[in-house]
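Let me begin by presenting the structure, written as structure tokens, before commenting on it.
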There are 2 protein chains.
Amino acid sequence: MAETEVKVSRKDAILDAAEALFAEHGYDAVTLRAIAAKAGVDVALANYHFGRKHELFEQTFQRRAEILNTWRLQALEACREKAAPSPASVRDIIDAYLRPLMTGPHLKEPGWRNYYGMVAYVNSSTAWGGQLMTKSYNPAIESFIEALKEALPEASDDAIYWGYHCLSGALTLAFAQTGRLDQLSRGKVCSTDLEGGYLQMVDFITAGFERIGKR
Amino acid sequence: MAETEVKVSRKDAILDAAEALFAEHGYDAVTLRAIAAKAGVDVALANYHFGRKHELFEQTFQRRAEILNTWRLQALEACREKAAPSPASVRDIIDAYLRPLMTGPHLKEPGWRNYYGMVAYVNSSTAWGGQLMTKSYNPAIESFIEALKEALPEASDDAIYWGYHCLSGALTLAFAQTGRLDQLSRGKVCSTDLEGGYLQMVDFITAGFERIGKR
DNA sequence: AATATGTTTCAACAACTGTTGAAGAGACAT
DNA sequence: ATGTCTCTTCAACAGTTGTTGAAACATATT
């Protein structure tokens with residue numbers, strides 16, 4: 001047995017296994033028995049700790065959401081203070097939105113990569129998308145929208161929100177790690193290289209927002 | 001019975017029902033019995049016409065893919081001819097990519113809206129994404145990438161492909177119609193208004209690509 | 001009228017699903 | 001030792017799943 005890791009509780013083992021399987025196969029394709037087997041526990045234990053399958057999925061999803069929100073909001077606050085009393089620059093806002101998630105040592109942990117797969121699944125799912133993303137992420141996102149409105153006082157609501165839509169869609173697709181970019185570029189670009197993608201996306205998205213401010 | 005429509009074959013009825021259900025609930029959550037019930041036929045008929053469930057999904061997905069590719073490639077060819085012998089402008093290329101899908105009378109047909117939901121599901125699914133999207137859409141997409149490279153000779157491969165990634169992610173999320181934009185903007189922006197989103201996205205994405213060309 | 005061909009339905013299969021109640025295991029205080 | 005508590009397993013449930021083989025139906029050809 002690979003006992004190099006710290007011993008995790010069986011409850012956490014279930015969450016980890018669920019995270020990995022939900023990310024790869026979605027909600028319905030994953031059975032509680034598969035989760036239990038991967039976690040090395042009995043089927044009934046998932047029910048004891050989390051109740052219905054639905055609730056296990058939500059708890060798995062929300063476990064890391066608060067951490068991401070904290071990282072992001074700290075970065076946003078930092079760039080706001082740096083610019084005060086002027087509004088923060090568009091580039092710094094976009095950077096605060098992307099950098100905490102797309103760069104850093106946590107990307108080497110499989111748990112985080114798995115979680116990102118879950119985010120991609122939830123955010124583009126008609127069934128889960130609306131409800132769950134809103135509950136877990138909207139408060140933080142609203143702070144970013146507000147900052148963008150301050151940085152782009154001339155931009156219309158339509159332009160701001162559809163701009164955010166482009167940003168969110170691009171990040172979601174990056175999280176999905178479908179490998180399409182690799183196939184399309186015949187290996188010249190690597191979909192799983194989030195840090196490399198971060199560098200490109202900051203420029204691209206910043207340019208988009210700066211354009212809509214000039215109207 | 002609402003018999004205003006032209007009578008469709010039972011085979012097409014199955015495809016239509018599958019399209020609607022797969023778009024809303026994904027692959028695994030949809031049962032062949034649910035599809036058969038919606039189509040008004042027996043369960044075994046889906047198997048007779050399409051074989052395994054897997055193949056029914058793929059055929060449903062590919063049914064409209066060729067049409068979309070044709071529309072897009074015609075638009076791309078038109079803007080290339082318009083600009084010849086110069087390369088087409090970035091804006092015209094992006095417009096050729098988005099306009100055929102996000103505007104036009106076909107958006108009023110429920111079948112097309114359903115299909116867009118399937119595209120969103122497939123494109124951001126780790127399981128299907130790589131394989132199926134590549135098979136159905138890559139040839140057309142490669143033409144667009146090539147056009148972008150001609151319009152932006154200074155841009156690096158990384159910039160071009162990650163720029164396309166942003167474009168594809170934004171479009172995919174728009175197709176998912178999760179209603180998140182409505183919630184985020186408190187009703188000021190409508191997620192399902194693809195024509196309105198088209199106007200914003202063309203500007204936003206074009207600005208992104210034009211930026212990466214200046215380096 | 002008889003035959004052949006392609007559709008459609010019926011009934012059933014073995015396997016698997018989420019969920020549950022009762023029983024066991026372990027730690028800890030009394 | 002005894003009882004209490006949380007955690008964990010066992011065994012089983014009722015229902016649903018994709019898939020199939022045989023039979024019924026329809027239509028056109030001979």
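The chains referred to below are lettered A, B, ... by the order of the sequence lines, with proteins before strands, and numbering in each begins at 1.
- Near DNA chain D, meaning a heavy atom under 4.0 Å from it, residues 42-54 of chain A has A:Asp42, A:Ala44, A:Leu45, A:Tyr48, A:His49 in order of number.
- Screening residues 180-191 of chain B for salt bridge (charged side-chain N to carboxylate O under 4.0 Å, His left out), with sequence neighbours left out, gives A:Glu142-B:Arg186, A:Asp157-B:Lys188.
- In the region residues 23-32 of chain B, proximity to DNA chain D at under 4.0 angstrom, judged on heavy atoms, holds for B:Val30, B:Thr31, B:Leu32.
- Listed by first then second residue, pairs satisfying salt bridge (charged side-chain N to carboxylate O under 4.0 Å, His left out) with a partner in residues 58-67 of chain B read B:Asp16-B:Arg63, B:Glu19-B:Arg63, B:Glu19-B:Arg64, B:Glu58-B:Lys135, not counting sequence neighbours.
- The closest side-chain heavy-atom distance from B:Leu148 to B:Ile94 is below 4.5 Å.
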Please report the C-alpha distance between A:Tyr164 and A:Phe144 in whole Å, then the side-chain angles of each, then the deciding distance to 0.1 Å, and finally whether the ring pair (Phe, Tyr, Trp, His ring centres under 6.0 Å) criterion is met. CA-CA 9 Å; A:Tyr164 169 74; A:Phe144 277 88; 8.7 Å; no

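- A cation-pi contact, defined as under 6.0 Å to the ring centre and within 45° of the axis, is absent between A:Arg99 and A:Tyr198.
- Shown here is B:Gln131, whose CD atom has no more than 12 heavy atoms of other residues, nucleotides or ligands within 6.0 Å.
- Annotation: side chain of B:Leu107 is not in contact with side chain of B:Trp112 (no heavy-atom distance under 4.5 Å).
- Here chain A contacts DNA chain D (any atom closer than 4.0 Å to a heavy atom, that is under 4.0 Å), and the contacts span D:dT6 to D:dA12 from 5' to 3'.
- With sequence neighbours excluded, the residues that form a ring-ring contact (aromatic ring centres under 6.0 Å, His included) with A:Tyr27 are A:Phe22, A:Phe57, A:Trp128.
- A donor-acceptor contact under 3.5 angstrom links the side chains of A:Gln62 and A:Ser136, judged on distance only.
- Atom CZ in A:Arg33 sits roughly 14 Å away from atom P in C:dA15 (whole-Å rounding).
- Counting heavy atoms from C-beta on, the side chains of B:Gln177 and A:Thr126 never come closer than 4.5 Å.
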